[in-house]
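Take a look at the structure set out below.
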Amino acid sequence: MDYFLELFLGGLTRGSIYALIALGYTMVYGIIELINFAHGEIYMIGAFTGLIVISVLTMLGWNSIAIIVLAALIAMLYSAAYGFTIEKIAYKPLRGSQRLSALISAIGMSLFLQNYVLLAQTSNFLPYPNLVPTWDFLQPYEHIVRSTEMVIYIATALVMVLLTYLIKFTRMGKAMRAVAQDRDMSMLVGVDVNRVISFTFIIGSSIAALGGVLVASHIGQVNFYVGFIVGIKAFVAAVLGGIGSMPGAVLGSLVLGWTESFFTGYISSDYEDVFAFLFLVLILIFRPAGLLGRSDTDKV
Amino acid sequence: MKPVLDVNQLTMDFGGLRALDHIDLQVHPGEIVALIGPNGAGKTTFFNCITGIYAPTKGDMFLTRPQGEPKRLNGLKPNRVTERGMARTFQNIRLFQNMTVLENVMIGRHCRLHTGIPGAIFRPPASRREEKEVVADSYAMLEKIGLTRYVNEFAKNLPYGAQRRLEIARALATEPFLLLLDEPAAGMNAQETKALDELILRLRSDMKVSILLIEHDMKLVMSLSDRIYVVDYGKKIAEGNPEEIKSNPAVIKAYLGEDIDA
Amino acid sequence: MITLQEIKKSFLVSLWFMFLTFPIMVIKVNTIEQTIEWRWWWMAAVGLGAFVLSFFWRIAIARKEAGKKKAEVSGEEKIALIPRLMSNPRFYIPGLVATVALVVIFPFVFSMYQTNILITALIYVVVGLGLNIVVGLAGLLDLGYVAFYAVGAYSYALLNYHFGVTFWMALPIGALLAFLFGIMLGFPVLRLRGDYLAIVTLGFGEIIRLVLENWNAFSFGPSGIANIPKPGLFGLKLSLQQSSIFIYFVMIGLALMTIFVVRRLQDSRIGRAWIALREDEVACQAMGIDKTRTKLSAFAMGATWAGMGGVVFAAKTTFINPTSFTIWESVIILCVVVLGGMGSILGVIIGALVLILLPEYLRAFSEYRMLVFGALLVMMMVFRPGGIVSGVRRIYKFEGLQNKVDS
Ligand SMILES: Nc1ncnc2c1ncn2[C@@H]1O[C@H](COP(=O)(O)OP(=O)(O)O)[C@@H](O)[C@H]1O
Ligand SMILES: [Mg+2]
């Protein structure tokens, strides 16, 4: 039973991580119908920026809670800036051209950012200090769930609540929904589409950065390549939930997290990634609209 | 004679929106039939359903080759529908922009040809002959439609009116006996529209195709059509010959506020 | 003219990029040794670079916009220089003769090292032309292309290891297996829309690589397979150098065959259908083209060439393991196609030569290779989606139309 619980909570952790990334994918896809391949790299840059902040502040002798909070905030700020800039450079000039072009551009951006971090920092795995304090009341359950994981659950839940509020009740949220539904029409009725798109990238990127810092703390290491595979898996989760749908992204992430966790726990851990990809292929083939997605007929 | 196209109770829902509501429509051999109605009435959706691009919610569709047996269209893929002899044009022009005018027409011939990959690589005599024929046939089609002066131009570089005509040429290259035209005169000037009027009549007499067209230009519709169907909000509100339609109160009401000549 | 306004704009861009790259580029942390290195001069470099590049960026964007408008107004598009020269016999005959002469004497004049580099470039020409069918002609973004390359390489390596199959037998077998794999993988995924296709092919590519890595009993896992024989020539014993020269000519032959086949394909009924599919799927189907079948044929044709390339790759390096077949290998091949010009044979050849030869000769910069490739993909898409040599369509001549066609 303990083992089951461990796998269950492990899956919840995985799922929460995927959710933090998948939200960015699904928001961007909802608005400009582009798989932002560079999103995983944004997550990685968030983790790296966090590490840099942590290292500097640790050297200055700050308090560890202050460090982790500040590191997360600065990482979010920077990832948001990267997301904003990437959109301006690699995607905005391609609006209106073929989809294939934007996809290739996104792949190029992903490759560029990976190598940018590789060259500017290092290709090695760097140890990532875990500054999340261990809570006393969790002590007895340490072998099942660690406090970092607890923080991940809480952060994910918080992000979801805030995001739901943002989308449902703010002006910007309304504008986002409008653009997602019909960009040309929104433009006609006076929505500043460029701003909405930039905003979407900023929000999606900062959420990913938060994920980046927490996950790296949890796992304990980071390198320039950590974003790619996690990014692809988060995309799988977004598709599983129904791309464009935010509750879908979270649901898809949890389902993927749990399936992966139980698969590796009970069956085999060698083929973990194979399993995720197989999952992706099967979903796309049998249920391309995802769990919560609508299956629209493309307008002709 | 059996109608070439026989549509019964065609219904199409998009989520909560009923774009087509139990539409019946027939086209008889040699007829020119018009489908009219205000914007958003569901006309293009009707074309998309019968050509297999959308899967209708309900209804039956049959296509009958002259002297042939009726064939059910439900569930056929668009390419199968075209193979069966019904071809269409698109309201928002969908040419192959980065292919030449001649190649656009050659694509129309695709489903009547046989050369596969081995044939393309080894070019046996049959493939060579077929390739020669497709070039000649396509060129002949351009002659008929009057587009030879653009033969090697990219489709995207053609003037608007010529692009509309190329859409027709491309559809005709598939050897249809029923041609569907979606707003063929949209964006054309008076002179081009007149030429189109003549072209459509010529298609019927020379190529023996029946025609179903969606059009907003009432002058064109009234002069061309044998019969007219009027739809509004997905429902058929009238059918009859041009005289009957002109004086039908329901039609006038549907168009009220909308310029009849637009 | 450079106005004050422009300078101000560039200055702001430069400030922005200095801010953006500050943590990653200036502060280098090493959490293993607990050291931090501050590299302020990198910040200066970024600032200066961004300042200058932002001018070029704006000019290029303005040009692109202007070009778009002009094309719309005049309705004309100049045929690119290179294809125009190519179609003029006065240029292309001497050019062809010179190229042939160079190609023939190359391995005898230059060192074995140079020959080997050129062989690699030629492999990329062949697989690039294969991917060009899939991406350039049919418009299907296949990010798992390298999987078929792996199928080719492993089928030679394994068949040789277990059954002693020779290179010449493995070449068609590898091609056939890759073709079958193409059909098998393509069949379920090709119904998907374009962007899902990209991600699913990526997934398939990774699955195949991961299986090769983990299934030790079948593929010998990460340690790979060594001692794969080079191609034989009527059982003669070839020295290392001779066998390089031989592979070189084998590759030249294979490249020529590929060019011949692709040329024939792209001006055929199937080739036109591929291009039509790329241009507009809906219209394509409405014109009577079977979408799934046409996509599948492009996918499988592309795979076939990747398979052949893989066999040669295995024979050339004599050692293969899964690390040669990562997704980034697919991306490099994609770069070859995109840089050269999607849909253009000459473009792909130029793309392969530039992308493979340049990094080899600029060894000093080789670590920047992937960085540059990434930037290149973005820049090409933004400024020149057609590539260096855009694909041109065949001009047909008709009687009484000559003056129009030639003008
Ligand atoms: N793929 C689709 N998804 C959702 N709604 C659609 C789709 N295609 C058409 N519609 C809706 O169906 C209605 C009829 O559209 P359409 O057939 O294009 O009208 P018409 O051609 O008569 O102007 C419109 O309200 C339109 O928005
Ligand atoms: Mg319409």
Side-chain angles (χ1 to χ4, degrees), chain A residues 33-35 45 48-49 51-53 55-56 59 74 78 81-82 85 89-90 93-94 97-105 107-122 124 126-129 228 232 235-236 239 270-271 273-274 276-278 280-281 284-285 288 298 300, chain C residues 16-17 19-25 27-32 34 36 42 57 61 64 135 139 141 143 188-189 191-196 198-200 202-204 206-207 210-211 214 278 282 327-328 331 334-335 338 342 367-371 373-383 385:
Chain A
E33 301 219 318
L34 168 75
I35 301 177
I45 284 177
F48 252 100
T49 310
L51 180 65
I52 289 166
V53 174
S55 304
V56 172
M59 216 173 58
I74 294 180
Y78 264 98
Y82 273 94
T85 311
I89 291 179
L94 290 172
S97 55
Q98 281 188 338
R99 244 178 145 136
L100 183 67
S101 306
L103 269 181
I104 293 176
S105 187
I107 281 280
M109 206 20 120
S110 169
L111 183 63
F112 179 85
L113 290 176
Q114 272 177 28
N115 284 276
Y116 158 71
V117 174
L118 166 85
L119 292 169
Q121 296 290 328
T122 172
N124 298 325
L126 290 176
Y128 210 101
F228 192 73
I232 298 290
F235 180 79
V236 176
V239 172
D270 278 357
Y271 287 94
D273 289 346
V274 174
F277 286 122
L278 217 55
L280 166 76
V281 172
L284 283 179
I285 291 167
D298 280 336
V300 172
Chain C
W16 173 255
F17 275 94
F19 161 75
L20 194 66
T21 54
F22 170 69
I24 304 265
M25 295 212 26
I27 314 171
K28 178 164 178 165
V29 295
N30 187 331
T31 43
I32 303 173
Q34 298 294 343
I36 296 178
W42 278 36
W57 177 269
I61 291 272
K64 186 182 152 198
V135 181
L141 185 51
L143 293 178
V189 306
R191 285 176 307 159
L192 300 171
R193 18 199 296 202
D195 30 13
Y196 282 7
I199 208 111
V200 171
L202 189 162
F204 262 136
E206 286 293 281
I207 290 176
L210 289 166
V211 167
N214 287 305
R278 174 190 78 192
V282 172
I327 142 101
W328 303 110
V331 174
L334 180 67
C335 264
V338 166
M342 284 194 269
E367 51 181 320
Y368 293 96
R369 190 169 97 128
M370 295 308 270
L371 184 82
F373 281 6
L376 202 66
L377 282 176
V378 177
M379 293 302 124
M380 290 306 288
M381 286 301 108
V382 172
F383 295 116

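Everything numeric in this text was worked out from a predicted model, so none of it was measured. A, B, ... follow the sequence lines: proteins, then strands. Residue 1 opens every chain.
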- prompt: Based on non-hydrogen pairs under 4.5 Å, which of C/Leu202, C/Val200, C/Val189, C/Asn214 is most in contact with chain A?
  reply: C/Asn214
- request: Against chain A, label C/Leu334 side chain, backbone, both or neither, depending on which of its atoms sit under 4.5 Å from a heavy atom there.
  value: side chain
- prompt: Where is the tightest heavy-atom contact between A/Ala90 and C/Val378, given as atom of each residue plus distance?
  reply: CB-CG1, 3.8 Å
- prompt: In terms of heavy-atom proximity below 4.5 Å to chain C, should A/Ile89 be classed as side chain, backbone, both, or neither?
  reply: both
query: Would you call C/Phe373 and A/Asn115 a side-chain contact if the rule is heavy atoms closer than 4.5 Å?
result: no
- prompt: Is it the backbone or the side chain of A/Val56 that comes under 4.5 Å from a heavy atom of chain C, or both, or neither?
  reply: both
Among the listed options A/Thr85, A/Val53, A/Thr122, the residue most often paired with chain C at heavy-atom distances under 4.5 Å: A/Thr85
Contact class of A/Gln114 relative to chain C, heavy atoms under 4.5 angstrom: side chain
task: Check each atom of C/Ile327 against the heavy atoms of chain A and say whether the ones under 4.5 Å are side chain, backbone, both or neither.
output: side chain
- line: Under 4.5 Å to a heavy atom of chain C? For A/Leu278 that would be both
query: Given a strict heavy-atom distance threshold of 4.5 Å, which part of C/Ile36 is in contact with chain A: side chain, backbone, both, or neither?
result: side chain
- request: Would you give the length of the straight line joining atom OH of A/Tyr116 to atom OH of C/Tyr368, rounded to the nearest 0.5 angstrom?
  value: 13.0 Å
statement: Smallest heavy-atom separation, A/Leu103 atom then C/Ala198 atom, equals CD1-CB, 4.1 Å
Side chain / backbone / both / neither for C/Val382 at chain A, heavy atoms under 4.5 Å: both
- prompt: Is it the backbone or the side chain of A/Ile232 that comes under 4.5 Å from a heavy atom of chain C, or both, or neither?
  reply: side chain
message: Before you tell me yes or no, could you show the steps for C/Ile24 and A/Tyr82 under side chain to side chain contact (heavy atoms under 4.5 Å, CB included), namely the whole-Å CA-CA distance, both residues' side-chain angles and the distance that decides it to 0.1 Å?
response: CA-CA 12 Å; C/Ile24 304 265; A/Tyr82 273 94; 4.0 Å; yes
query: How far apart are the C-alpha atoms of C/Val29 and A/Phe48, what are their side-chain angles, what is the distance that settles it, and do they pass the side chain to side chain contact (heavy atoms under 4.5 Å, CB included) test?
result: CA-CA 10 Å; C/Val29 295; A/Phe48 252 100; 5.6 Å; no
query: Would a line drawn from the ring center of C/Phe19 to the ring center of A/Tyr78 be shorter than 6.0 Å?
result: yes
task: Let me know if A/Ile52 has heavy atoms under 4.5 Å from chain C in its side chain, its backbone, both or neither.
output: both
Non-hydrogen side-chain atoms of C/Leu377 and A/Phe112 separated by less than 4.5 Å: no
- prompt: Looking at CD1 of C/Ile199 and CD1 of A/Ile35, how far apart are the two atoms once the value is rounded to the nearest 0.5 Å?
  reply: 4.5 Å
- prompt: Of the non-hydrogen atoms in C/Lys28 and A/Ala120, which two are nearest, and what is the gap between them?
  reply: CD-O, 4.1 Å
message: Using only atom types and a distance under 3.5 Å, with no angle test, would you say the side chain of C/Lys64 pairs donor to acceptor with the backbone of A/Pro93?
response: yes
statement: In terms of heavy-atom pairs under 4.5 Å with chain C, the winner among A/Ile107, A/Leu118, A/Ile74 is A/Ile107
field: Winner by heavy-atom pair count (cut-off under 4.5 Å) against chain A, out of C/Pro23, C/Ala375, C/Cys335
entry: C/Pro23
message: Has A/Gln121 got a side-chain atom pairing as donor or acceptor with C/Asn30's backbone, closer than 3.5 angstrom?
response: no
- request: Check each atom of A/Ile104 against the heavy atoms of chain C and say whether the ones under 4.5 Å are side chain, backbone, both or neither.
  value: both
message: Out of the candidates C/Arg278, C/Met342, C/Met381, only one should pair with A/Leu100 under the side chain to side chain contact (heavy atoms under 4.5 Å, CB included) rule; please name it.
response: C/Met342
